[in-house]
Protein chains: 2
Amino acid sequence: MSGKLSNKFYMEKKNIRIKDIAQLAGVSSGTVDRVLHNRGKVSEEALRKVLQTLKEIDYKPNLIARTLGTKKTFRIAVLIPDPSQDEYWAQSEVGIKQAINDWHQYDVQIKTYFFDLYHKDSFLRVTHAVLQARPDGIVIAPIFYHEALPFLQQCQSYKIPFTIFNTDIREVRPLSFIGQNLYESGRVAAELMCLGHQKTGTLAVLHINEDSVNSIHLLDKQRGFQQYIKEKDLTGVKIKVLNIKDSENGKEVKRILELLEDETLQGVYVTTSKGVSFIAALLQKLNRVDLRLIGYDLLPENIKYLEAGTIRFLINQNAKHQTFLGIQQLANYLFLRKEPLAHNFLPLEIITRENLCSYLRSAVPHF
Amino acid sequence: MSGKLSNKFYMEKKNIRIKDIAQLAGVSSGTVDRVLHNRGKVSEEALRKVLQTLKEIDYKPNLIARTLGTKKTFRIAVLIPDPSQDEYWAQSEVGIKQAINDWHQYDVQIKTYFFDLYHKDSFLRVTHAVLQARPDGIVIAPIFYHEALPFLQQCQSYKIPFTIFNTDIREVRPLSFIGQNLYESGRVAAELMCLGHQKTGTLAVLHINEDSVNSIHLLDKQRGFQQYIKEKDLTGVKIKVLNIKDSENGKEVKRILELLEDETLQGVYVTTSKGVSFIAALLQKLNRVDLRLIGYDLLPENIKYLEAGTIRFLINQNAKHQTFLGIQQLANYLFLRKEPLAHNFLPLEIITRENLCSYLRSAVPHF
DNA sequence: TTGAAAGCGCTAACAC
DNA sequence: GTGTTAGCGCTTTCAA
């Protein structure tokens with residue numbers, strides 16, 4: 001340290017190793033290791049000495065060496081709906097693929113399990129298969145609440161750590177949850193809807209093509225939307241809520257058309273990622289592109305209408321990032337013992353025609 | 001592979017090691033290593049054999065083992081303006097601190113060099129100090145173009161890799177550039193400005209408290225803003241551009257006040273992060289909060305006015321993330337030999353009152 | 001209960 | 001030119 005004054009960085013000392021601690025404490029490195037991981041079998045005396053030196057210095061283990069030392073290979077199961085059924089989940093799968101790519105070389109094996117987006121029994125089958133496989137960790141989008149709950153409780157009793165994304169389940173304590181605050185999401189939509197608009201007229205909230213299971217969550221968005229309007233004291237503004245189970249169904253389409261014919265209608269907020277392009281198509285046909293249309297996610301169809309100007313705003317839920325992060329956190333936990341944050345609420349990204357390509361360009365970070 | 005059928009993951013094979021390649025090619029692992037890093041001293045014959053097997057299999061080196069094997073400690077110099085002079089650069093420093101924290105345990109030493117935001121000679125002094133220290137890599141915000149250029153060319157001739165962030169310098173080929181597309185940034189501002197507004201009136205573009213050096217870049221924003229208006233064919237909209245060198249100066253303030261008294265004024269776009277809170281304060285005083293005010297960055301002052309509703313939109317340049325990413329990419333390059341993308345244009349994040357806290361909550365990812 | 005030692009996959013120095 | 005080998009810091013096994 002004294003002889004290298006020409007080196008601007010000389011003040012940085014090398015990290016302390018287990019060996020150093022052992023030396024300072026007057027024990028062997030094996031004993032230090034046992035203390036660090038309290039694997040027992042350490043005498044009072046040795047324990048005291050090691051803890052003492054540990055207190056005096058700031059030991060940060062070399063995670064890389066640790067990783068190399070433990071030859072254990074981890075197996076992670078990822079459960080999401082079948083990507084071929086839904087563009088949103090197709091994006092999620094992209095995140096999985098990226099994570100697989102990142103971790104492949106380190107004996108972290110990631111296996112994907114798809115279940116049918118519309119059939120709970122398919123989900124149940126998959127969860128059974130996962131439990132059979134006894135993975136070291138699980139990453140899951142628990143969109144079927146009632147079926148997911150017992151499964152996750154089972155995981156807990158098996159001591160299999162899991163991270164949850166997309167849909168929160170409050171009853172279980174996951175290693176971490178990754179998602180967005182849906183209430184705030186609704187508020188953001190309302191804010192964008194009202195910006196520069198007149199203080200009268202009708203706004204519509206549409207829940208399209210979603211299972212009733214999910215609608216619990218969609219109600220959060222709706223609440224946020226309504227609450228914002230209420231707070232702004234926009235008493236001249238009426239909010240119509242429509243629940244469209246099946247946009248292919250003629251009767252349902254008729255309800256939508258009726259809504260769109262409303263002369264006082266100012267804007268439409270679609271709470272589901274797959275619903276908004278359907279409305280956009282209708283608006284184009286009806287030549288009502290003056291309406292302010294707000295929806296979710298950078299799905300190919302949605303992007304098309306955003307670029308065309310029919311959709312004004314998309315709030316990005318970033319399924320790719322959510323999924324990637326979920327796996328990343330679990331793998332880091334297993335592999336490097338890094339505890340993730342319990343709750344990771346991703347930012348509510350506002351996408352417009354003009355900032356769209358800045359988002360399309362920027363990939364999920366690789367590490 | 002055959003005996004473990006009960007294991008759902010059995011099909012995943014273990015990663016190939018150098019030793020395996022050596023065996024397959026019928027040479028020693030030393031030779032394989034020499035080929036992989038083309039350190040020469042390999043016979044035609046051996047080279048051929050190794051390359052052949054390398055072609056047949058998909059070898060991904062274990063970066064963790066490599067890291068542990070190379071005992072080299074890297075030294076990275078980071079150059080930014082003095083954080084105490086400017087909140088924007090204070091955020092940048094937060095990114096540095098996070099990176100230091102991440103890399104400390106792996107013998108990647110990061111040293112920060114601050115220079116005076118307003119004095120080029122201070123920058124020159126700092127660059128000399130950096131060159132003296134001969135770091136293994138440099139991360140720099142080259143806000144003084146004419147001074148930075150020769151410095152970076154010097155770095156190139158010394159073969160010191162560097163990443164650039166915040167301000168692009170096209171003449172040199174950095175390892176990577178991290179920043180935003182400023183032209184698009186201006187377009188986004190214009191889009192947000194026009195949304196739901198009437199098609200007549202005046203819009204103001206204000207460059208506040210920036211050196212002429214930076215104004216080259218601010219002009220990009222201005223161009224984007226103007227171009228958007230032009231494309232929209234908003235012929236009734238007039239754009240006033242003001243260049244305010246010093247918002248403390250009475251004369252300059254007067255020019256601003258004159259502008260704000262303009263009855264036709266609809267909105268103000270401030271291209272600099274530190275200028276917008278000054279305008280916001282004025283608007284509050286003049287009780288002209290109906291004006292749409294758009295600025296940059298989540299600085300404490302700006303956040304205050306965004307929450308109050310005086311600022312409608314902030315476009316986030318995310319100095320923290322830019323800086324963190326710059327260091328991250330350089331360190332990964334030195335340490336793990338991961339080539340970053342040459343250009344990393346970060347997304348143009350639109351911040352409103354309602355999505356603000358979702359952004360404040362989400363930290364720069366740690367890895 | 002403890003220390004010694006092998007080994008994780010790779011790098012780099014060193015003989016031959 | 002080539003193969004061998006000693007680490008990197010940690011975990012884990014095995015004697016003692």
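A, B, ... follow the sequence lines: proteins, then strands. Residue 1 opens every chain.
- Sequence order on DNA chain D of the closest nucleotides to B:V42 and B:A65 puts B:V42 first from the 5' end.
- Taking only side-chain atoms of B:T70, from C-beta outward, the nucleotide of D:dT11, D:dG9, C:dT11 with the closest atom is C:dT11.
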Steps toward ring pair (Phe, Tyr, Trp, His ring centres under 6.0 Å) verdict (B:F335, B:W103): CA-CA 10 Å; B:F335 206 59; B:W103 287 98; 5.5 Å; yes
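- Where A:K41 and A:S29 meet DNA chain C, the nucleotide closest to each residue was compared, and A:K41 sits on the side nearer the 5' end.
- Across the protein-nucleic acid pair, A:E45 atom CD and C:dG3 atom P stand 11 Å apart, rounded to whole Å.
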Stepwise side chain to side chain contact (heavy atoms under 4.5 Å, CB included) test for B:K338 and B:L63: CA-CA 10 Å; B:K338 285 196 190 176; B:L63 266 25; 3.8 Å; yes
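- Within a 6.0 Å radius of CZ in A:F114, other residues, nucleotides and ligands contribute more than 12 heavy atoms.
- Comparing atom distances between the A:R66 side chain and each of C:dA12, D:dT11, C:dG9 picks out D:dT11 as nearest.
- Rounded to an integer number of Å, the gap from B:L63 CG to C:dC10 P is 10 Å.
- The side chain of B:L68 approaches C:dG9 more closely than any other nucleotide in the set C:dG9, D:dT2, C:dT11.
- A:R17 places its CZ atom 16 Å from the C1' atom of D:dT11, with the value rounded to the nearest Å.
- A salt bridge links A:E93 with A:K97: the distance from a Lys NZ or Arg NE/NH1/NH2 to an Asp or Glu carboxylate oxygen falls below 4.0 Å.
- For B:T31, no side-chain nitrogen or oxygen approaches OP1 or OP2 of D:dG1 to under 4.0 Å.
- In this structure, the nucleotide among C:dT2, D:dT11, C:dC10 sitting nearest to the side chain of A:I18 is D:dT11.
- Atoms CD1 (B:I16) and P (C:dC8) sit 17 Å apart, rounded to a whole Å.
- For A:Y59, a side-chain nitrogen or oxygen approaches OP1 or OP2 of D:dC10 to under 4.0 Å.
- Considering only side-chain N and O atoms, A:R39 lies nowhere under 4.0 angstrom from the phosphate OP1 or OP2 of C:dT1.
- Rounded to whole Å, the distance from CD1 on A:I21 to C1' on D:dT11 is 15 Å.
- The nucleotide whose nearest atom lies closest to any side-chain atom of A:R337 is, among C:dG3, D:dG9, D:dT11, D:dT11.
- If you take CD of B:Q23 and C1' of D:dT2, they are 17 Å apart, rounded to a whole angstrom.
- In this structure, the side chain of B:Q322 does not engage the main chain of B:F165 through any donor-acceptor pair within 3.5 Å.
- The NZ atom of A:K49 sits 13 Å away from the C1' atom of C:dG3 (whole-angstrom rounding).
- Taking only distance into account, the side chain of B:R34 meets the base of D:dG3 through a donor-acceptor pair shorter than 3.5 Å.
- The aromatic rings of A:H343 and A:F345 sit parallel, their planes meeting at an angle under 30°, below the 60° perpendicular limit.
- Comparing D:dT11, C:dT2, C:dG3 by their closest approach to the side chain of A:S43 singles out C:dT2.
- Computed from coordinates, the B:K60 NZ to C:dG9 P distance equals 17 Å when rounded to whole Å.
- As judged by a 4.0 angstrom heavy-atom cut-off over every strand, A:D33 is placed among the base-contacting residues.
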